[in-house]
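Owing to the predicted nature of the structure, the values given are computational and were not obtained by experimental measurement.
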Amino acid sequence: MGFSYSGILHRNVLAALHFNENNERKQATRLDGTPRFRVAFKKARKSFALEPVKISCTYGYVDELQEQVVELASVYSIREIKELLKEHEATHAPPPLCVDYEHLRPGKAEAIQAHLSRFKSKRI
């Protein structure tokens, strides 16, 4: 089946939340306060370079999402949430890409006739 529009949309939203929370991480420091670096090999320059080591990622947005899910679960039943999601996807999801090309696809008999007539014209 592939990926649904809803699934891709929600994965992108989570990725954006993660990026927004962690895009300006500070450089990690040692216990004495000096900044940390790592030595990395740059393939394009074929040389080594120092890169700053960043502090670990934070996941504070996950707690907020969980709180909102619990809040919604206390207000709506699972059946109501499923119906809301179906309605949302039906009104907001774009049609599949293959819909634009269905009118261009010939019928099987028509395709066979075109294939055979193409070879007959080359023999003459």
**OP:** Carefully, step by step, assess T29 and I55 under the rule side-chain contact (heavy atoms from CB on, under 4.5 Å).
**Re:** CA-CA 8 Å; T29 57; I55 61 173; over 6 Å; no

Original post:
Quick one: are E51 and K42 in side-chain contact, heavy atoms under 4.5 Å?
Top reply: yes

**OP:** Using the side-chain contact (heavy atoms from CB on, under 4.5 Å) rule, take Q113 and K108 through it: C-alpha gap first, then chi angles, then the decisive distance, then the call.
**Re:** CA-CA 9 Å; Q113 185 62 36; K108 190 172 186 177; over 6 Å; no

Original post:
What distance separates N23 CG from C57 SG, expressed to the nearest 0.5 Å?
Top reply: 11.0 Å

Original post:
Which pairs pass side chain to side chain donor-acceptor pair (under 3.5 Å) with one or both residues in residues 64-74, sequence neighbours excluded?
Top reply: none

**OP:** State plainly whether one hydrophobic cluster holds both V70 and Y76, where clusters connect Ile, Leu, Val, Met, Phe, Trp and Tyr through side-chain heavy atoms under 4.5 angstrom apart.
**Re:** no

Original post:
Residues two or more places apart in sequence or in another chain: which of them pass side chain to side chain donor-acceptor pair (under 3.5 Å) with H18?
Top reply: N22, Y61

**OP:** Without swapping roles, check the side chain of H92 against the backbone of H88 for a donor-acceptor pair under 3.5 Å.
**Re:** yes

Original post:
Would one find more than 12 heavy atoms of other residues, nucleotides or ligands at under 6.0 Å from atom CD1 of I78?
Top reply: no

**OP:** Would you please test R36 and R30 for side-chain contact (heavy atoms from CB on, under 4.5 Å) and show each step?
**Re:** CA-CA 6 Å; R36 290 180 55 193; R30 292 191 175 86; 3.8 Å; yes

Original post:
According to a 4.5 Å side-chain heavy-atom criterion applied to Ile, Leu, Val, Met, Phe, Trp and Tyr, with indirect links allowed, do L84 and L72 form part of one hydrophobic cluster?
Top reply: yes

**OP:** Check the hydrophobic clustering (I, L, V, M, F, W, Y; side-chain heavy atoms under 4.5 Å; chains of links allowed) and say if L85 and I8 are grouped together.
**Re:** no

Subject >> Inter-residue atom distance Q27.CD - R25.CZ, 0.5 Å rounding >> reply: 11.5 Å

Original post:
Under 4.5 Å between side-chain heavy atoms, hopping through other hydrophobics if needed: is there a path connecting L14 to Y59?
Top reply: yes

Subject >> Nearest-0.5 Å distance that lies between atom CD in E83 and atom OG in S77 >> reply: 7.5 Å

Original post:
Would one find more than 12 heavy atoms of other residues, nucleotides or ligands at under 6.0 Å from atom CG of L104?
Top reply: yes

Original post:
Out of curiosity, S4 OG to R11 CZ, how far, rounded to the nearest 0.5 Å?
Top reply: 7.0 Å

**OP:** Kindly indicate whether the side chain of V62, heavy atoms from C-beta on, has any atom under 4.5 Å from the side chain of L17.
**Re:** no

Subject >> Heavy-atom neighbours of F37 CZ exceed 12 at 6.0 Å >> reply: yes

